[in-house]
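We name chains A, B, ... by the order of the sequence lines, and we start the count at 1 in each one.
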Number of protein chains: 2
Amino acid sequence: MADSNALEGLTQALRKLPGVGAKSAARMAFHLLQHDRPAALQIARALEHAVSSIQHCSLCNTLTEMDVCSTCANPQRDRSKLCVVETPADQAALERTLAYKGLYFVLMGKLSPLDGIGPNDIGLQKLFDRVVPKDGSGRPLPPESREVQEVILATNFTAEGEATAHVIAQALKSRGAQVTRLARGVPVGSELEYVDLGTIAHALVDRR
Amino acid sequence: MADSNALEGLTQALRKLPGVGAKSAARMAFHLLQHDRPAALQIARALEHAVSSIQHCSLCNTLTEMDVCSTCANPQRDRSKLCVVETPADQAALERTLAYKGLYFVLMGKLSPLDGIGPNDIGLQKLFDRVVPKDGSGRPLPPESREVQEVILATNFTAEGEATAHVIAQALKSRGAQVTRLARGVPVGSELEYVDLGTIAHALVDRR
């Protein structure tokens, strides 16, 4: 592009950002170098700080700077409910509703066989061990003495999200856990005329 | 979003990239931390290296790691022609045509009074000094003894680009320089039926 290996290297590096192609990367590089060098250094420092300090919560798997995230460490949370979400962004959406006071388990992904992402890649074993802990002799605890009494599946309502929910539900139900799924139905504020048929059909089946 | 000041800081920093809003920045941050930490460090190092090593070419004003960029330093370039472009990306587009062998002057911007960008902000004085150098006693050299014999204006054909070209042309012509502008006309490969009226009108006026 221009007369500089450093600029070429920066453009190549910025292309690793999701959703950024060659033209966008070049535009970002020019903008930062021409108009906002302090922002370039700020981004560099933020990246290094985040990579060095952010890890996964040892309980719920979300991104955190501590060993256990503030949600898991909060004693006022209802520890008998565990809500399974795909990403921290989904967790944040649920938190904004103020309608859930239990704990979370963040998969950090979803089953996606076409992309080669199987149960081991999204930490399902960690979830199973959390919901169905083993006693001293390696046997699963009976349901009544487990801490988690209900697992609420809140993966996305996409093909992969539904498949992920199905696999988790099968595995946990076979181990005697109570598993529920977020309700499917007509979105609040919408008119039936404009809601897609699949959603109306589900809302009809799941009527209450 | 999640349980981390470092993550929040990274998301805020990424929002400084042009065209990146809150949702995109959060998506980028999650992607880097979850799936591609080496890329995060690569971007950080590329940013720091670029900021510390890239400066403006002392002749043509483009971004370069050297005092004089490789185009300006190339002895096979025709030094009597100077092509004025807005950005290094525009310069790269012209270079790809292989149709121009002269030198460049990169404005690194365009006149944009609405954004408060005037002649001093895009280095017009540097351009004038380059095209119309002064002799030992501070008087402008006469046209026949100047190195640059023709200035080709290749700013964009937008409102701001045309205004910039107009201002430069006025100033340089009043100093006795020969100024030309890239031809406006019908793009190669297009059918007249689908070309906008302004372009056809210009092509008609500029017919040859």
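- Interface remark: A:Q55 contributes backbone atoms only to the contact with chain B (heavy atom separation under 4.5 Å).
- Heavy atoms from other residues, nucleotides or ligands lying under 6.0 Å from NE2 of B:H35 number more than 12.
- Atom CD in A:E65 sits 8.5 Å away from atom CG in B:L7 (nearest 0.5 Å).
- Of the listed residues (B:V51, B:L32, B:V20, B:L14), the one with the most heavy-atom contacts under 4.5 Å to chain A is B:V51.
- Of the listed residues A:H49, A:R27, A:M28, the one with more heavy-atom pairs under 4.5 angstrom with chain B than any other is A:M28.
- Heavy atoms of other residues, nucleotides or ligands lying less than 6.0 angstrom from CD of B:E191 number 12 at most.
- Contact of the A:I54 side chain with the B:R37 side chain is registered, since non-hydrogen atoms from C-beta on lie closer than 4.5 Å.
- For the set A:K23, A:Q12, A:K16, the entry with the most heavy-atom pairs within less than 4.5 Å of chain B is A:K16.
- Chain B forms more heavy-atom pairs under 4.5 Å with one residue of A:S52, A:P18, A:A29 than with any other, namely A:P18.
- For B:Q34, the part lying under 4.5 angstrom from a heavy atom of chain A is the side chain only.
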Side chain to side chain contact (heavy atoms under 4.5 Å, CB included) evaluation trace for B:L10 with A:L47 | CA-CA 6 Å; B:L10 176 57; A:L47 282 166; 3.5 Å; yes
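- Summarising the geometry of B:A6 relative to A:A50, their closest heavy-atom pair is CB-CA, 4.1 Å, with the distance given to 0.1 Å.
- B:G9 approaches A:A46 most closely through the heavy-atom pair O-CB, 4.1 Å.
- Interface remark: of the candidates B:H56, B:R45, B:E48, B:E48 forms the most heavy-atom pairs closer than 4.5 Å to chain A.
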